[in-house]
Amino acid sequence: MDRGVGLSLDPADFEDTSAAREVAGEANEIDLAVLAAQRDIAQARVRVEQARATPDATVSVGVRHFWEGQDLGLVVGGSIPLGRYDRNEGAIERARFEGVAAQADMAALRQEREREIARLQVQLMAQASQARRIAEEALPQAERAVDLVRDGFNRGGFTYNDVIAAQTALLATRERRVAVLKQFHMDRARLDRLTGAHADLLGLETRP
């Protein structure tokens, strides 16, 4: 059975740069989940190693015969190792270091993500402004130039090469606008990924 889903894109959506005015959210916690798990594991390992460093008390129970076997007595004994020479300090310190390292990695990753989010937010605004200037200024000028050159060519004032050059400049201007819009949407997708903007949609493709 073909379960493919058709996808159509409205050209107006491609030209829509209104997302540049939206305030980006905070960094997605999913990116920090692995490091958080490593930190929690290290903290748990510290407790395990500390428990191993505590000497285990032993208790013994026995029966003792008194007066040539005529009387019996219950004897209870115990011992607690002093543990003077092995406190498991090496393993405890290693576990603590792993926890501190994971915590530092989390802080560094969060800071990196926040800087990237801020950079993308500024970049989106710049790209939206550039796309608007091309549409409102550069494109009308290029289109008018083509019309003027064609009129001049019809009157014998311009050559065929002049017409081709004007049309080439118009196509280059349109191509530049498309490139700016394409990069805008790629950066917007990157920003949405970093902020988890579409996290609620995860798993929808597996639902019946």
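All of these numbers come straight from a predicted model, not from anything done at the bench. All residue numbers refer to positions in the sequence shown, counting from 1.
Using a distance-only test at 3.5 Å, with no hydrogens or angles considered, a donor-acceptor pair links the side chain of Asp162 to the main chain of Thr159. At least one donor-acceptor pair under 3.5 Å links the side chain of Gln121 to the backbone N or O of Glu22.
Considering only heavy atoms from C-beta on, Val146 stays 4.5 Å or farther from Val163 through its side chain. In this structure, Glu116 and Glu112 have side chains that are not in contact, with every pair of non-hydrogen atoms separated by 4.5 Å or more. Residues Ile164 and Tyr160 meet the side-chain proximity criterion, which asks for heavy atoms closer than 4.5 Å.
At a threshold of 4.0 Å, the pair Glu175-Lys182 does not count as salt-bridged, since none of the basic side-chain nitrogens sits closer than that to a carboxylate oxygen.
At a threshold of 4.5 Å between side-chain heavy atoms, the hydrophobic network of Ile, Leu, Val, Met, Phe, Trp and Tyr places Ile134 and Phe184 in two separate groups. Grouping the Ile, Leu, Val, Met, Phe, Trp and Tyr side chains by contacts below 4.5 angstrom, directly or via other members, places Val180 apart from Leu191.
Atoms CE and OG1, on Met125 and Thr17 in that order, are 12.0 Å from each other to the nearest 0.5 Å. In this structure, CG in Leu148 is found 12.0 Å from CD in Glu143, a value given to the nearest 0.5 Å. From Arg144, atom CZ reaches atom CG of Asp147 across 8.0 Å, with rounding to the nearest 0.5 Å. Considering CG of Leu171 and CZ of Arg176, their distance stands at 16.0 Å, rounded to 0.5 Å.
A donor atom on one side chain and an acceptor atom on the other are not found under 3.5 Å apart for Thr173 and Arg177. Counted by atom type alone, Ser18 and Asp16 present one or more donor-acceptor pairs between their side chains at under 3.5 Å.
Smallest separation of non-hydrogen atoms from Ala166 and Ala145: CB-O, 4.3 Å. Contact between Phe153 and Phe158 at its shortest, heavy atoms only, is CD1-O, 3.1 Å.
The side-chain contact (heavy atoms from CB on, under 4.5 Å) search around Gln123 returns Arg119, Gln127, Asp187, not counting sequence neighbours.
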